[in-house]
Enquirer: 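One structure is given below, represented as structure tokens, and several questions about it will come after.
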Amino acid sequence: MAFLKPDKTRTEHGLVIKEKIIPWGAVWTKNYGDFRKGDRYKADRKLSGGTGAVKYITIHNTADIEEAKGTNDAEQYTRATYPNQNMGDARVHYFIDEVDCWQNLREDEVGWHAGDSSGPGNETSIAIEIIMDGSGSKADKTSEDRGALLAAILLNRHGLKIDRLVTHKKWSGKNCPIYILPHWELFVAKVEAHL
């Protein structure tokens, strides 16, 4: 298995972020579910009616997976999204786990993550998928802490206050971030501490 190499790596406030941005104009290279080879692979438009303005940071949880030797969850989710195209219609800006962080979309572009079609979740927010299994393990706690740091970095960069940190549940009612919702206020406090 060929492991993904980032196109670029940057460090922000001690957090190493690996970029593998899905290119503008990318298309499906195979048939997958309702998608056909040659169909548009992502939204290919900027947030907030084309201005690119970020209005919210949306927090998600995605399941911990059994990763291949020498890799990690965030890398595997990124590779499954693109170039492997095995993640259906989900397109998120960031995957983060206890050791790694990968960016898949530019921060100014529309993702497919909120379950609200062309509503404000997809159209105005950056998605952070925090990879956890809900066990309360050290890895879970570290992933959550790193996700809180990333959320603070993004809120700060885009000039947003803490009330613009929201859950996936806000947009579609889905019970997500499933592992963080029971203690959402504590998570918000972690983000505030970083701010």
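No hydrogens, no waters, no symmetry mates; every other heavy atom, side chains included, goes into these values.
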Enquirer: Can you see which heavy atom on Ile178 is nearest to which on Asn61, and at what distance?
Expert: N-OD1, 3.4 Å
Enquirer: Kindly indicate whether the side chain of Leu195, heavy atoms from C-beta on, has any atom under 4.5 Å from the side chain of Asn156.
Expert: yes
Enquirer: Please tell me whether Tyr94 and Glu107 have a donor and an acceptor in their side chains that are separated by less than 3.5 angstrom.
Expert: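 Glu107 and Tyr94 do have a side-chain donor-acceptor pair below 3.5 Å.
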Enquirer: In sequence, state the C-alpha distance, the side-chain angles, and the governing distance for Asp108 and Arg106, and then conclude on salt bridge (charged side-chain N to carboxylate O under 4.0 Å, His left out).
Expert: CA-CA 5 Å; Asp108 68 347; Arg106 295 179 352 201; 2.9 Å; yes
Enquirer: Going through the checks in order, is the salt bridge (charged side-chain N to carboxylate O under 4.0 Å, His left out) test met by Lys138 and Glu98?
Expert: CA-CA 9 Å; Lys138 181 179 178 185; Glu98 72 274 16; over 6 Å; no
Enquirer: Taking the side chain as every heavy atom from C-beta outward, state whether Leu4 and Pro83 have any atom pair closer than 4.5 Å.
Expert: yes
Enquirer: Donor-acceptor pair, distance only, cut-off 3.5 Å: does the side chain of Ser125 make one with the backbone of Ile57?
Expert: no
Enquirer: Examine the side chains of Asn104 and Thr78 and answer whether a donor and an acceptor come within less than 3.5 Å of each other.
Expert: yes
Enquirer: Go through the steps for Phe35 and Tyr41 under the test side-chain contact (heavy atoms from CB on, under 4.5 Å), then give the verdict.
Expert: CA-CA 9 Å; Phe35 300 101; Tyr41 191 68; over 6 Å; no
Enquirer: Give the cluster check for Ile180 versus Ile128: same hydrophobic cluster or not, with ILVMFWY residues linked at side-chain heavy-atom distances below 4.5 Å.
Expert: yes
Enquirer: I'd like to know if the side chain of Gln85 pairs up with that of Thr29 as donor and acceptor (distance under 3.5 Å, no hydrogens or angles considered).
Expert: yes
Enquirer: Does atom NZ of Lys174 have more than 12 heavy-atom neighbours from other groups under 6.0 Å away?
Expert: no
Enquirer: Provide the closest heavy-atom pair for Asp116 versus Asn122 in the form atom of the first, atom of the second, distance.
Expert: OD1-N, 3.2 Å
Enquirer: Do the non-hydrogen side-chain atoms of Ile22 and Arg91 ever get within less than 4.5 Å of each other?
Expert: yes
Enquirer: Carefully, step by step, assess Asp133 and Asp140 under the rule side-chain contact (heavy atoms from CB on, under 4.5 Å).
Expert: CA-CA 7 Å; Asp133 67 10; Asp140 263 17; 3.1 Å; yes
Enquirer: Is Arg45 paired with Glu123 through a side-chain N to carboxylate O contact shorter than 4.0 Å?
Expert: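 Here Glu123 pairs with Arg45 in a salt bridge, since their nearest N and O are under 4.0 Å apart.
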Enquirer: Is Asn175 atom CG crowded by more than 12 heavy atoms from other residues, nucleotides or ligands, each under 6.0 Å away?
Expert: yes
Enquirer: Please tell me if the side chains of Lys18 and Cys101 come closer than 4.5 Å, counting only heavy atoms from C-beta onward.
Expert: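 They are not in side-chain contact.
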Enquirer: Is the shortest heavy-atom distance from the side chain of Tyr179 to the side chain of Ser135 under 4.5 Å?
Expert: no
Enquirer: Which atom pair, heavy atoms only, marks the closest approach of Phe3 to Arg79?
Expert: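 Distance-wise, the nearest heavy atoms are CD2-NH2, 3.8 Å.
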Enquirer: Give the intermediate values and the outcome of side-chain contact (heavy atoms from CB on, under 4.5 Å) for residues Lys161 and Leu155.
Expert: CA-CA 7 Å; Lys161 297 193 182 306; Leu155 287 167; over 6 Å; no
Enquirer: Can you establish whether the number of heavy atoms outside Lys30 located under 6.0 Å from its atom NZ is more than 12?
Expert: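 Yes.
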Enquirer: Could you report the tightest heavy-atom contact between Leu149 and Leu15, atom names first, then the distance?
Expert: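 For Leu149 and Leu15, the tightest heavy-atom pair comes out as CD2-CB, 4.0 Å.
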Enquirer: Quick check for you: to the nearest 0.5 Å, what is the distance between Trp102 atom CH2 and Thr81 atom OG1?
Expert: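 Rounded to the nearest 0.5 Å, the CH2-OG1 separation comes to 11.5 Å.
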Enquirer: Are Val99 and Tyr77 connected in a single hydrophobic cluster, I mean Ile/Leu/Val/Met/Phe/Trp/Tyr linked by side-chain heavy atoms less than 4.5 Å apart?
Expert: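 The answer is no; the residues belong to distinct hydrophobic clusters.
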Enquirer: Side chains of Glu67 and Thr71: is there a donor and an acceptor less than 3.5 Å apart?
Expert: no
Enquirer: Determine, using ring centers only, whether His168 and His113 are less than 6.0 Å apart.
Expert: no
Enquirer: Assess, by modelled atom type and distance only, whether the side chains of Thr167 and Trp184 contain a donor and an acceptor separated by less than 3.5 Å.
Expert: no
Enquirer: Name all residues meeting the side-chain hydrogen bond (donor to acceptor under 3.5 Å, both in side chains) criterion together with Lys170; count only those two or more places apart in sequence or in a different chain, and write none if there are none.
Expert: none
Enquirer: Restricting to non-hydrogen atoms, name the atom on Ala74 and the atom on Asp100 that form the minimum distance, rounded to 0.1 Å.
Expert: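 Taking every non-hydrogen atom into account, CB-O, 3.8 Å.
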Enquirer: According to a hydrophobic-cluster definition based on side-chain heavy atoms being under 4.5 Å apart (Ile, Leu, Val, Met, Phe, Trp, Tyr only), do Leu181 and Met132 belong together?
Expert: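 Per the 4.5 Å side-chain linkage, Leu181 and Met132 are not co-clustered.
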Enquirer: Could you go through Lys169 and Cys176, starting from their C-alpha distance and side-chain angles, then the distance that decides it, and tell me whether this counts as side-chain contact (heavy atoms from CB on, under 4.5 Å)?
Expert: CA-CA 5 Å; Lys169 186 173 185 174; Cys176 178; 5.8 Å; no
Enquirer: Does any non-hydrogen side-chain atom of Ile126 lie less than 4.5 Å from one of His158?
Expert: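 Contact flag for His158/Ile126 side chains = yes.
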Enquirer: Can you see which heavy atom on Ile59 is nearest to which on Pro177, and at what distance?
Expert: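 Distance-wise, the nearest heavy atoms are O-CD, 3.4 Å.
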Enquirer: Is any side-chain heavy atom of Pro23 closer than 4.5 Å to a side-chain heavy atom of Tyr82?
Expert: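 Sidechains of Tyr82 and Pro23: in contact.
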Enquirer: Within a strict 4.5 Å, meaning less than it, do heavy atoms of the Glu12 and Arg10 side chains meet?
Expert: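 Glu12 vs Arg10: side chains touch.
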Enquirer: Answer yes if the side chains of Glu144 and His183 hold a donor-acceptor pair under 3.5 Å, and no otherwise.
Expert: yes
